[in-house]
Number of protein chains: 2
Amino acid sequence: MSNSEKKKVTIYSVANEAGVSLATVSRVINDSGLVKQETKDKVEAAIVKLGYRPNAVAQGLALKKTTTIALVVPDSSFLYIGKIINGLLDVAKIYKYNITLHTTSSSINEMSEIIDNIVKSRADGVIIYNESLSNSESEVLNSFQVPMVYIGHKTTNLSSCNVYVDYSQALYELVNEYLDKGIDDIIIVEDRKNPDTISQIISGISRAYEEHGKKFDGYVEIPEQYHNSYEFLNEYFSRHKHDVVISMRDSQAVAVLNTCRENGIRVPEDTDVISVLDSRINDMVRPRISSFVIPSYDLGALAMRVMTKMLNGETVKERDYKLNYIYERKASTKN
Amino acid sequence: MSNSEKKKVTIYSVANEAGVSLATVSRVINDSGLVKQETKDKVEAAIVKLGYRPNAVAQGLALKKTTTIALVVPDSSFLYIGKIINGLLDVAKIYKYNITLHTTSSSINEMSEIIDNIVKSRADGVIIYNESLSNSESEVLNSFQVPMVYIGHKTTNLSSCNVYVDYSQALYELVNEYLDKGIDDIIIVEDRKNPDTISQIISGISRAYEEHGKKFDGYVEIPEQYHNSYEFLNEYFSRHKHDVVISMRDSQAVAVLNTCRENGIRVPEDTDVISVLDSRINDMVRPRISSFVIPSYDLGALAMRVMTKMLNGETVKERDYKLNYIYERKASTKN
DNA sequence: AGCATTATTGAAAATGCTTACATTTTGCGC
DNA sequence: GCGCAAAATGTAAGCATTTTCAATAATGCT
């Protein structure tokens with residue numbers, strides 16, 4: 001009756017109950033074919049009767065694989081990676097993989113600690129979302145001996161795959177349009193949190209400027225903390241007014257929106273405001289902010305799909321998977 | 001040179017390298033004391049030299065525990081549970097537990113599939129965040145034979161713990177204040193997604209009304225989808241005007257805010273708008289919405305801490321952990 | 001019926017660790 | 001030096017699977 005009396009049921013119990021050897025039971029649960037239908041039925045009946053659930057840990061030991069993959073993400077913004085995780089988990093479910101979640105704050109030794117942990121757990125693979133990896137972090141990661149997929153961050157690690165959106169091209173096309181119309185007072189406001197992404201973005205913008213025979217110097221660096229950045233922007237827009245203000249995330253774009261308004265700058269009449277990354281916030285702001293819609297769910301789903309391919313030994317022809325973005329014009333831009 | 005030549009290093013390799021038995025190595029890595037300092041040094045040198053990392057899978061098999069706990073969350077709003085996850089992971093890191101992530105959509109058989117998966121993986125415990133469990137889901141969960149902690153949802157399952165915020169009391173106190181001032185035209189707008197939470201909230205409000213000799217009937221049900229609800233609210237506020245509008249999440253409160261504005265209702269001059277749950281959205285809206293600040297991070301951290309206690313066999317005196325909320329008055333209320 | 005195949009099954013080793021128990025070493029008092 | 005307890009180390013039996021290889025049963029053919 002009591003829980004403690006309930007004895008654990010192993011493959012032996014099942015073998016015993018069905019009157020076969022444990023090897024046969026193993027064959028049945030792994031669907032390996034060569035078992036007579038009759039005995040298969042007996043075994044399956046025993047499994048149901050005893051409520052047997054194969055022990056994945058023992059399987060992991062015997063098979064030298066865990067069907068577990070480790071996901072490493074920054075601990076800050078689940079706001080932006082929520083959809084990525086959803087996509088990833090959906091695909092993981094299809095292929096019967098489990099996901100372990102690991103977050104990195106920015107402390108120095110953190111990454112190697114996490115990796116140590118992942119190595120011990122013998123995950124079959126690692127998926128990393130991190131827009132800004134330091135050199136030492138990259139180095140640690142490169143020493144990893146398991147399949148790796150990077151999301152949103154193109155690496156030079158030859159043995160891993162990358163799933164990302166080409167911000168550079170996206171911004172190039174956007175800015176190009178403005179320049180074609182003769183609008184060239186464009187700035188981008190950002191903090192230093194994501195140096196890689198920022199440099200991609202700026203390279204795209206710069207290319208557009210160069211092709212128009214101009215030089216881009218509109219990078220305005222803002223403080224990292226939201227409230228600080230808010231103050232900074234408030235101060236900034238009390239002195240400046242531009243045709244176009246681009247920011248990395250819609251949360252920052254909203255700060256731009258609010259501070260512009262507080263300084264008598266009308267959006268979009270006086271200034272176009274654009275956000276590169278979109279999140280649910282944007283549903284709730286008026287005016288809605290024109291932005292690129294990043295296919296977050298697809299990023300996650302594709303990353304996981306690529307991972308399964310790597311693990312199945314399917315040859316992955318492509319190391320790089322570039323996803324499309326869509327620019328959505330909303331109420332914060334007039335052009 | 002090549003990776004394929006690299007042979008795996010096990011506890012045997014280390015024992016061999018150090019010239020001791022594997023038992024001794026095991027004692028060293030588990031810090032079990034009774035090893036002479038001298039041999040301990042030898043072993044540790046060998047570990048470093050070979051780059052040995054204990055295989056957690058084999059350990060799991062030998063010890064019958066995985067130091068892994070499974071986290072089950074709804075697949076929808078990482079917006080609200082991001083901080084919970086952060087708190088949970090931080091504590092998990094301290095106690096060296098790994099977290100596997102499982103999401104539930106609302107499909108019927110999903111929960112038992114997830115549980116099947118978790119049982120197979122032999123997680124040491126399960127933490128569940130889900131505001132609305134169906135009866136059949138609860139039943140499946142109750143049959144679980146591992147320690148469980150529920151976040152934000154008080155269950156009657158005797159063998160599990162609950163970590164939650166008492167919405168009923170929170171709303172009681174809030175509404176009480178209004179009623180004391182003679183303001184009683186209060187409504188709450190919500191969809192049916194979280195029946196449990198909603199009924200808690202309404203019970204709190206009702207209690208306040210009753211103590212003032214009145215009856216509460218201000219529950220306005222709105223459609224689940226954001227855009228539908230937006231239309232609904234727009235229509236609604238073209239016909240109604242109330243002293244106070246309460247909604248469950250700040251995303252909905254923003255919809256209220258916007259639709260009020262579009263119908264010429266000024267906030268807070270004409271109507272107070274209040275949100276029960278707070279998220280980062282609220283930083284970005286003007287006016288900021290008065291809301292309860294739910295201690296999300298603490299919910300997650302405490303849940304994990306309670307779990308570690310259950311797993312260590314420390315007696316958990318309390319099954320229920322009620323956390324405090326703070327009501328923050330912001331610009332969307334005048335009262 | 002007898003033999004050669006082939007389809008099923010079982011026995012046992014392997015997976016990498018922990019730990020109870022056995023054995024060896026050490027230290028100490030005389 | 002000797003004896004004995006305590007400390008240190010080693011041996012081997014689990015832990016729950018998979019899988020190779022050998023053994024057995026079933027089948028087809030003459």
Side-chain angles (χ1 to χ4, degrees), chain A residues 6-44 46-47 50-68 96 98 117 119-124 145, chain B residues 6-44 46-47 50-68 96 98 117 119-124 145:
Chain A
K6 179 190 63 96
K7 60 195 56 151
K8 66 184 176 313
V9 9
T10 72
I11 200 168
Y12 289 96
S13 336
V14 177
N16 202 47
E17 174 77 26
V20 298
S21 82
L22 77 170
T24 303
V25 177
S26 175
R27 286 185 190 107
V28 171
I29 63 185
N30 291 305
D31 215 12
S32 64
L34 17 84
V35 178
K36 215 200 302 181
Q37 186 61 44
E38 190 188 325
T39 47
K40 191 173 172 185
D41 292 344
K42 271 196 305 188
V43 171
E44 276 167 353
I47 288 176
L50 300 179
Y52 168 69
R53 301 271 189 40
N55 182 330
V57 178
Q59 288 180 319
L61 185 58
L63 293 173
K64 300 158 174 293
K65 63 175 187 174
T66 52
T67 54
T68 293
K96 311 264 185 206
N98 279 327
N117 184 16
V119 171
K120 283 183 188 156
S121 76
R122 298 300 194 266
D124 295 337
Q145 297 295 344
Chain B
K6 178 189 64 97
K7 62 196 54 153
K8 66 185 176 314
V9 8
T10 72
I11 199 168
Y12 288 97
S13 335
V14 177
N16 201 47
E17 174 76 26
V20 297
S21 82
L22 78 169
T24 303
V25 177
S26 175
R27 288 186 189 105
V28 171
I29 63 185
N30 291 306
D31 215 12
S32 66
L34 16 84
V35 179
K36 215 201 304 181
Q37 186 60 46
E38 190 188 325
T39 46
K40 192 173 170 183
D41 292 344
K42 269 197 305 188
V43 171
E44 276 167 352
I47 288 177
L50 300 180
Y52 169 69
R53 302 270 188 43
N55 182 330
V57 177
Q59 288 180 318
L61 187 58
L63 293 173
K64 298 158 175 292
K65 62 175 188 175
T66 52
T67 55
T68 292
K96 311 264 184 208
N98 278 327
N117 184 15
V119 170
K120 283 183 190 157
S121 76
R122 298 300 193 267
D124 294 337
Q145 297 295 344

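Quick note on labels: first sequence line is chain A, next is B, and so on, each numbered from 1. What you are looking at is a predicted structure, and each value in this text was computed from that prediction instead of being measured.
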Atom pair NZ (A:Lys36) and CZ (A:Arg27), whose distance is rounded to the nearest 0.5 Å: 13.5 Å

Any B:Thr39 side-chain nitrogen or oxygen under 4.0 Å from OP1 or OP2 of D:dT9: yes

Atom-pair distance (NZ on A:Lys40; P on C:dT9), nearest Å: 12 Å

OP1 or OP2 of D:dT17 under 4.0 Å from side-chain N/O of A:Lys64: no

Sugar-phosphate, base or nothing in reach of A:Ser26, heavy atoms under 4.0 Å: base

Separation of atom CG in B:Leu63 from atom C1' in C:dG16, rounded to whole Å: 12 Å

B:Glu38 CD to C:dG27 C1', straight-line distance once rounded to whole Å: 15 Å

Distances under 3.5 Å between protein N/O atoms and the N/O atoms of nucleotides 10-14 of chain D, please, pair by pair.
unit_1	atom_1	unit_2	atom_2	d
D:dG10	OP2	B:Ser21	N	2.7
D:dG10	OP2	B:Ser21	OG	3.3
D:dG10	OP2	B:Thr24	OG1	2.9
D:dG10	N7	B:Arg27	NH1	3.4
D:dG10	O6	B:Arg27	NH2	2.4

Euclidean distance, atom CG of residue A:Asn16 to atom C1' of D:dA16 [Å, nearest integer]: 15 Å

Closest contact, heavy atoms only, A:Glu17 versus A:Leu50: CB-CD1, 3.9 Å

Nearest-0.5 Å distance that lies between atom CG in A:Asn55 and atom OG in B:Ser121: 9.5 Å

Spacing of B:Ile11 atom CD1 relative to C:dC17 atom P, expressed in whole Å: 5 Å

Value in whole Å for how far the P atom of D:dT18 lies from NZ of A:Lys65: 11 Å

Whole angstrom value for the distance that separates P of C:dC17 from NZ of B:Lys8: 10 Å

Non-hydrogen atoms of B:Ala18 and B:Val43 that approach each other most closely: CB-CA, 4.0 Å

Nearest heavy atoms of A:Val20 and A:Lys42, plus distance in Å: CG1-NZ, 4.3 Å

Shortest non-hydrogen contact from A:Leu22 toward A:Ile11: O-CD1, 3.7 Å

Value in whole Å for how far the P atom of D:dA16 lies from CD of B:Gln59: 16 Å

B:Gln37 vs B:Ala58, nearer the 5' end of DNA chain D by closest nucleotide: B:Gln37

From OG1 (B:Thr68) to CZ (B:Arg122), nearest 0.5 Å: 13.0 Å

B:Asn55 vs C:dT15: side-chain N/O to OP1/OP2 distance below 4.0 Å: no

